[in-house]
Amino acid sequence: MERIYLSPPHMGTAERELLLEAFDSNWIAPLGPMVDAFEQEFAAYVEAPFAAALSSGTGAIHLALILMGIGQGDKVYVPSLTFSGSANPVTYVGAEPVLLDAEERTWNLCPARLAEALAEDAKRGTLPKAVMIVHLYGQAAEVDEIVALCQQYEVPILEDAAEAVGTRYRGRHVGNDGVLSIYSFNGNKIMSTSGGGMLVGADEAMIQRARFLATQAREPAPHYQHEVIGYNYRMSNLLAAVGRGQLQVIEDRVAARRANFDHYQQVLGALPGLSFTQEPEGDRGTRWLTVMQIDRDTFGASPEDLRLALEEQNIEARPLWKPMHMQPVFRDCRMVGGAVAERLFENGLCLPSGSALTQEQREHIIGVVSASAKALS
Ligand SMILES: *Cc1c(COP(=O)(O)O)cnc(C)c1O
């Protein structure tokens, strides 16, 4: 049986044609017309005014933090339940992540914990320089509540929408509530350029500055003049061509991932001990990955038992992102709450969720999960 991956890339014919067009034009790198077009088309899709195509989502967060003036000794609130790519760049600029717990409904930054932390820090005069919102697994966070709190304390927002290309919150695309927002096109994301990212925002000068910093901060002079520290973070013209192709089919990709979720939920949700998150009314998440919560006593197997049973059939399933406050590298960071993120992590399992997953593969996966329930209970 051929291996079923968690979230493999899904390329189509337009990607191939655009890639060859870029290749044949000899406009391999860096930058070029494909990059300009990809930026414009992506911004139009997410309904954001401006976008800069970069080499990764992590690099995009790094530049966003610099552009927001965050540096040595500053604090940034980051949800603990996320990928390390959200938290790592905070340390690149010498700032300190303050980790906050998740909430039950969306698994994202908990507004109650946020209110608590902001009130406490306001009293001590140590408010953070930014609050990072992450839309985990393509489910929008409680944006309105978070925005209201951040406005009250005048703390700017940075949105990590790496897993949420196509996510709508109350009808509008996520990624428009932060000063800056980022997306990722890494290999396992909902659309992929093999590796890449996008920084979007409403402030044109900021986005232009991002492009400048991402090209080694090269001043417009023929002799390589540099006045600030720069980075090599731009996207190549070849990869932008792939991105343009992926963007043409993004709505189909979202629909396919949502169909995976619906099917898993319909069949597996009927088994005792397995549950799935409900989508809050008015939202349209990407369901980037389908994640189950497993009550091991009722179901009769732990998430790890189940992962191994799937692995035996050459099916890749994975635990949730391990919360940052449980990671040795962020051990010393301040943590606000934590029980919710820990429980979600300990009881969760991500099922294969690629947009090219076939009906047959899905049935195979469902069969293994169902058999585990019976066999081990
Ligand atoms: C993938 C991801 C990133 C990092 O994006 P890269 O393009 O892989 O650097 C950041 N945050 C989250 C939540 C992600 O899932």
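For ligands, and for the atoms within them, numbers begin at 1 and follow the listed sequence.
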List every atom of ligand 1 that sits less than 4.0 Å from any heavy atom of [X], numbering the atoms from 1 in the order shown and giving each element.
| X | value |
| --- | --- |
| S184 | 1 (C), 5 (O), 6 (P), 7 (O), 8 (O) |
| G196 | 7 (O) |
| A162 | 2 (C), 3 (C), 10 (C), 11 (N), 12 (C), 14 (C), 15 (O) |

In the protein, which heavy atom is nearest to [atom], and how far is it?
| atom | answer |
| --- | --- |
| atom 15 (O) of ligand 1 | E163 OE2, 2.5 Å |
| atom 2 (C) of ligand 1 | K189 NZ, 2.7 Å |
| atom 10 (C) of ligand 1 | D160 OD2, 3.5 Å |
| atom 8 (O) of ligand 1 | N186 ND2, 2.8 Å |

Does [X] come within less than 4.0 Å of [Y], counting only side-chain N to carboxylate O?
| X | Y | value |
| --- | --- | --- |
| E251 | R168 | yes |
| R362 | D262 | no |
| R257 | E163 | no |
| D177 | R172 | yes |
| R343 | E346 | no |
| R3 | E311 | yes |

Sub-6.0 Å ring centroid separation between F185 and F38: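 Yes, the ring centres sit under 6.0 Å apart.
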
Main-chain N/O of T106 paired to N108 side chain as donor or acceptor, under 3.5 Å: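 Between the backbone of T106 and the side chain of N108 there is a qualifying donor-acceptor contact (under 3.5 Å).
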
Heteroatom distance test (W321, ligand 1): nitrogen or oxygen, under 3.5 angstrom: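 Between W321 and ligand 1, no N or O pair is found under 3.5 Å apart.
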
Minimum non-hydrogen distance to atom 6 (P) of ligand 1, winning option of G195, S55, G57: G57

Which bit of [X] gets closer than 4.0 Å to ligand 1, counting heavy atoms only: side chain, backbone, both or neither?
| X | value |
| --- | --- |
| T58 | both |
| T82 | side chain |
| S56 | both |

S86 to ligand 1, any heavy atom closer than 4.0 Å: yes

Ligand 1 contact by G59, heavy-atom criterion under 4.0 angstrom: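 It does not; every heavy atom stays at 4.0 Å or beyond.
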
Test side chain to side chain donor-acceptor pair (under 3.5 Å) applied to D283 and H135, Q139, R170, the passing residue: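 For D283, the side chain to side chain donor-acceptor pair (under 3.5 Å) test succeeds with only one of H135, Q139, R170, which is Q139.
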
